[in-house]
Peer 1: 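Quick one: structure below, then a few questions.
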Amino acid sequence: MNLNLSSQIVLNKVAEEFYRPRTAVERSEITQREKIQTEIFPKTEQGASFVVDKIAAEILQRQQQGRPYVMALGTGTSLTPIYQELINRHESGRLSLKNVVVFNAYEYFPLAKETQQSTINQLRHRLLDHVDILPENIHTLDGSIPQDQVQQHCRQYEQQIREAGGIDTILLGIGRMGNIATNVPGSGLNTTSRLILLDPTSREEMANSFSAAEQVPPCSITMGIATIISSRQIFLTAWGEEKADIIQQTVEEGITDALPASFLQTHNNVQVVVDLAAAGKLTRIVHPWLVTSCQWTDKLIRAALVWLCQKVEKPILKLTNKDYNENGLSELLALYGSAYNANIKIFNDLQHTITGWPGGKPNADDTYRPERAKPFPKRVIVFSPHPDDDVISMGGTIQRLVSQGHEVHIAYETSGNIAVGDEEVTRFMHFINGFNQIFGNSEDQVIVDKYKEIKSFILNKKEGDFDTRDILNIKGLIRRGEARTACTYNHIPLNRVHFLDLPFYESGKIDKLPMSEADVEIVRRLISTVQPHQIYVAGDLADPHGTHRKCTDAVLAAIDEEKRAGAAWLDDCRIWMYRGAWAEWEIENIEMCVPMSPEELRAKRYSILKHQSQMESAPFLGNDERLFWQRAEDRNRATAQLYDSLGLACYEAMEAFVEYKPL
């Protein structure tokens, strides 16, 4: 069973010469805007193997010389594939790490003495406990010492590094603000190990190790930029499109303390190792025509023309031969003969993505429509990772599908319970207790006892405490009730509302369990029962908390299993990917765009507002202070404005989709 099909989704098929150049001359040409050597791989596993190949050769060389090999290690999730590859090689007998000396790159502060949530414990769990690194060779910063001792502790740590012979290799991830280790924006080039106040984005990124973002300690003791730069070799890794912007800034833009990772440009032995998704904003990937000649595909032409329109501030049909020539697109003039021919081709392609009939228009010519006319009506399943992603992401499209007569099912994949605040539980428990007093004369002892128990737990809840199973169940019930209300508002019968409660989610904390075959089988039972003509899944592969991606992997794996079993219904089923509150599809990838009127956008907002527990107190809003309904409206309006600026139809708002074709 393939549980990671989302990793094989490649929207823009990048020619291999752009990420694996054959000669030094080709590399020099396509990387002319890059200031750090960057290695791009189609898959994460290939990138991890590349890094481990380099490290393993050096470890072996030091073993033969009878010398130690000193490594500094971060704990970012992007390093997990590398650690797993190290473990695999050790367990297969191909690699011993007995001569490796480890320095932990940073530690939370302040920490309780016996806490399990320290970074060194994370490092033990991910690597150290599974290989033969000697305990006496493991060094870490101490987050439990008194604050007045931190400065002296940092000086001693730097001295330990010098006594070990300096750092041979440091493995780093990169934060969304460009932080390396926990050097947040503002960190200077000359900084050494020190205590630092974490910014909100860094704390949010670290929340996976805790039950809630607010439980992440406010500070960190970290290796400084100068400490990192003093390493003989540096690997910076990143995977997934959520890191594409920050990788582009780090690799291609100038050095600034507002982007700490940019200081790596001053080192002569740094390699940035990324997958295609994380490399997606580098010039050679996103705008290759600016660095070399291209093999022009339809999507690349569409991307180039949209880029040109935005640069010269013209709609498509007003682009001239001069615009093409002055902006490095003369190859397209040679290909099409004139600007007009290229313009009309892309204008028509984009125009054909727009449809007010997301389920297909009956009795109509569907030659140029994104969805087929038959069968009509269609059976539709909308998979929603959390109990509000359906309306946030495609609330307007859901309303269209229902009003146009299709049989719409909503499948909520997880309970969403950890995103409910304790005050919501208190409010509902007050209601239940009051209801019992008014209508039951307080005779239901179960309610009375449970009310006291839960009230006591919440009152005495300490930072770092995980919710009891009873409280998680209540929080899940709250979200179920809100989801049912939103579905009723959208005229979806409750017998078509499915709560799947996938097991991977039920860890009780932000960091989830691995997605497994048990999750896939739950999804498979639903799709094999409904046998839909349309499936909608979350395409938020850059979801910063990973739940959307795991949910999508469960759906894609279930579809794959049905395909292997020869399910006939799949022959007449299309799978559409939507995006949520975080980002929109790039216009060159959009294959269906559903417009909304002002009234329809308002109705979408109302359906989002039915999820009351997620309004003002929803976690994981990050640095963006807009609530989810505001993000959704702004995103949908921006899509409509983009279509309008290109000279296409002018709508209030639009929801965009990309088709997924099973492998």
Peer 1: Mind running side chain to side chain contact (heavy atoms under 4.5 Å, CB included) on L79 and R126 for me, showing each step along the way?
Peer 2: CA-CA 9 Å; L79 296 174; R126 294 179 189 175; over 6 Å; no
Peer 1: Can you find a pair of side-chain heavy atoms, one from K281 and one from I285, that are under 4.5 Å apart?
Peer 2: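 In short, these two side chains do not touch, never coming nearer than 4.5 Å.
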Peer 1: With E91, which residues qualify under salt bridge (charged side-chain N to carboxylate O under 4.0 Å, His left out), at least two apart?
Peer 2: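 Listed in chain order: nothing, the list is empty.
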Peer 1: Do side-chain atoms of T426 reach the backbone of D422 as a donor and acceptor pair under 3.5 angstrom?
Peer 2: yes
Peer 1: How close do A538 and P385 get, counting heavy atoms only, and between which atoms?
Peer 2: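 Taking A538 first and P385 second, the nearest heavy atoms are CB-CG, 3.7 Å.
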Peer 1: Is the shortest heavy-atom distance from the side chain of P42 to the side chain of Y19 under 4.5 Å?
Peer 2: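 Result yes, sub-4.5 Å side-chain heavy-atom pair found.
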Peer 1: Should I454 and T468 count as side-chain neighbours, where that means a heavy-atom distance under 4.5 Å?
Peer 2: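 Answer no - side chains too far apart.
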Peer 1: Are more than 12 heavy atoms, taken from residues, nucleotides or ligands other than Q159, located less than 6.0 Å from that residue's CD atom?
Peer 2: yes
Peer 1: Which residue pairs satisfy the salt bridge (charged side-chain N to carboxylate O under 4.0 Å, His left out) criterion with at least one member in residues 253-263, sequence neighbours excluded?
Peer 2: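 Qualifying pairs, neighbours excluded: none.
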Peer 1: Do V184 and T201 make a side-chain contact, defined as non-hydrogen atoms from C-beta onward lying under 4.5 Å apart?
Peer 2: no
Peer 1: Between Q614 and A419, is there a donor-acceptor pair closer than 3.5 Å when you use the side chain of the first and the backbone of the second?
Peer 2: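 Checking the backbone N and O of A419 against the side chain of Q614, a donor-acceptor pair under 3.5 Å is found.
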Peer 1: How far apart are the closest heavy atoms of I246 and G175, and which atoms are they?
Peer 2: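 So the minimum-distance heavy-atom pair works out to CG1-O, 3.7 Å.
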Peer 1: Which atom names give the shortest non-hydrogen contact between V420 and S613, and what distance separates them?
Peer 2: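 Closest approach of V420 to S613, heavy atoms only: CG2-OG, 4.1 Å.
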Peer 1: What I'd like to find out is whether the side chain of E34 reaches to under 4.5 Å of the side chain of L282, using heavy atoms alone.
Peer 2: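 In contact.
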Peer 1: Is it the case that the side chain of N99 and the backbone of G66 share a donor-acceptor pair, with hydrogens and angles ignored and the cut-off at 3.5 Å?
Peer 2: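 No.
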Peer 1: So that I can tick it off, tell me whether R176 and D245 are bridged by a salt bridge, with the cut-off set at under 4.0 angstrom between side-chain N and carboxylate O.
Peer 2: no
Peer 1: Among V270, I36, T169, find the residue that satisfies the side chain to side chain contact (heavy atoms under 4.5 Å, CB included) test when tested with I234.
Peer 2: V270
Peer 1: Could you go through S202 and T182, starting from their C-alpha distance and side-chain angles, then the distance that decides it, and tell me whether this counts as side chain to side chain contact (heavy atoms under 4.5 Å, CB included)?
Peer 2: CA-CA 8 Å; S202 296; T182 51; 5.9 Å; no
Peer 1: Are any non-hydrogen side-chain atoms of F103 and T227 less than 4.5 angstrom apart?
Peer 2: no
Peer 1: Distance-only, no hydrogens or angles: does the R203 side chain make a donor-acceptor pair with backbone N or O of V216 under 3.5 Å?
Peer 2: yes
Peer 1: Between D553 (side chain) and L5 (backbone), is there a donor-acceptor pair under 3.5 Å?
Peer 2: yes
Peer 1: So does K43 get a backbone contact from the side chain of Q46, meaning a donor-acceptor N/O pair under 3.5 Å?
Peer 2: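 Yes.
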Peer 1: Between E506 and R469, is there a salt bridge with N-O shorter than 4.0 Å?
Peer 2: yes
Peer 1: Quick check for you: to the nearest 0.5 Å, what is the distance between S187 atom OG and L259 atom CG?
Peer 2: 11.0 Å
Peer 1: Testing the basics here: between V101 and P68, what is the closest heavy-atom pair and its distance to 0.1 Å?
Peer 2: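 Looking at all heavy atoms of both residues, the shortest contact is CG2-CB, 4.0 Å.
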Peer 1: Roughly how far apart are L236 CG and I170 CD1, rounded to 0.5 Å?
Peer 2: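 Rounded to the nearest 0.5 Å, the CG-CD1 separation comes to 10.0 Å.
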Peer 1: Output, in order, the C-alpha distance, side-chain angles, deciding distance and verdict of side chain to side chain contact (heavy atoms under 4.5 Å, CB included) for E107 and S118.
Peer 2: CA-CA 7 Å; E107 185 55 272; S118 63; 3.4 Å; yes
Peer 1: Give a yes or no on whether the backbone of I228 and the side-chain of H267 come within a donor-acceptor separation of less than 3.5 Å.
Peer 2: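 Between the backbone of I228 and the side chain of H267 there is no qualifying donor-acceptor contact (under 3.5 Å).
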Peer 1: Before you tell me yes or no, could you show the steps for Y83 and V131 under side chain to side chain contact (heavy atoms under 4.5 Å, CB included), namely the whole-Å CA-CA distance, both residues' side-chain angles and the distance that decides it to 0.1 Å?
Peer 2: CA-CA 10 Å; Y83 295 155; V131 295; over 6 Å; no
Peer 1: Are D132 and K98 ion-paired here, with the side-chain N under 4.0 Å from a carboxylate O?
Peer 2: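 The answer is no: the pair does not qualify as a salt bridge.
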Peer 1: Looking at OH of Y157 and CG of L141, how far apart are the two atoms once the value is rounded to the nearest 0.5 Å?
Peer 2: 4.5 Å
Peer 1: Strictly below 4.0 Å, N to O, side chains only: are D519 and K550 in salt-bridge contact?
Peer 2: no
Peer 1: Could you tell me whether the side chains of T237 and S78 share a donor-acceptor contact shorter than 3.5 Å?
Peer 2: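 There is such a pair (donor and acceptor under 3.5 Å, judged by atom type) between the side chains of T237 and S78.
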Peer 1: I want to check something: taking the side chain as every heavy atom from C-beta on, are I138 and I120 in contact at a cut-off of under 4.5 Å?
Peer 2: yes
Peer 1: Are the side chain of E252 and the backbone of T283 linked by a donor-acceptor contact shorter than 3.5 Å?
Peer 2: yes
Peer 1: Hey, are R635 and E584 close enough for a salt bridge, meaning a charged N less than 4.0 Å from a carboxylate O?
Peer 2: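 A salt bridge links R635 with E584.
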Peer 1: Return yes if some donor-acceptor pair links the side-chain N/O of Q63 with the main-chain N/O of S96 below 3.5 Å, else return no.
Peer 2: yes
Peer 1: Would you tell me whether D142 and H153 have side-chain atoms, one donor and one acceptor, within less than 3.5 Å of each other?
Peer 2: no
Peer 1: Would you give the length of the straight line joining atom CD1 of I59 to atom CE of M71, rounded to the nearest 0.5 angstrom?
Peer 2: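 With rounding to 0.5 Å, CD1 (I59) is 5.5 Å from CE (M71).
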Peer 1: Run the side-chain donor-acceptor check on residues 48-57: report pairs under 3.5 Å with partners two or more places apart or on a different chain.
Peer 2:
{"from": "S49", "atom 1": "OG", "to": "E45", "atom 2": "O", "distance (Å)": "3.2"}
{"from": "D53", "atom 1": "OD1", "to": "R89", "atom 2": "NH1", "distance (Å)": "2.8"}
{"from": "D53", "atom 1": "OD1", "to": "R89", "atom 2": "NH2", "distance (Å)": "2.7"}

Peer 1: I'd like to know if R284 and E17 make a salt bridge, using a cut-off of under 4.0 Å between side-chain N and carboxylate O.
Peer 2: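 E17 and R284: not salt-bridged.
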Peer 1: Give me the ring orientation class for H130 and H125: parallel if the planes are under 30° apart, tilted from 30 to 60°, perpendicular past 60°.
Peer 2: perpendicular
Peer 1: Nearest 0.5 Å, please: how far is CZ in F628 from CG in D389?
Peer 2: 8.0 Å
Peer 1: If you look at every heavy atom in M223 and A72, which pair is closest and at what distance?
Peer 2: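 Shortest heavy-atom separation between M223 and A72 comes out as CE-CB, 3.8 Å.
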Peer 1: Can you tell me if E158 uses its side chain to pair, donor with acceptor, with the backbone of S193 under 3.5 Å?
Peer 2: yes
Peer 1: CD of Q630: more than 12 outside heavy atoms within 6.0 angstrom?
Peer 2: yes
Peer 1: Please tell me whether T414 and R479 have a donor and an acceptor in their side chains that are separated by less than 3.5 angstrom.
Peer 2: no
Peer 1: Under 3.5 Å, is there a donor-acceptor pair between the Y106 and T75 side chains?
Peer 2: yes
Peer 1: Any side-chain heavy-atom pair from V274 and K243 closer than 4.5 angstrom?
Peer 2: no
Peer 1: Looking at every heavy atom in both R194 and G224, which two are closest together, and how far apart are they?
Peer 2: NH1-CA, 3.4 Å
Peer 1: With rounding to the nearest 0.5 angstrom, report the CD1 to OG1 distance, I180 to T250.
Peer 2: 8.5 Å
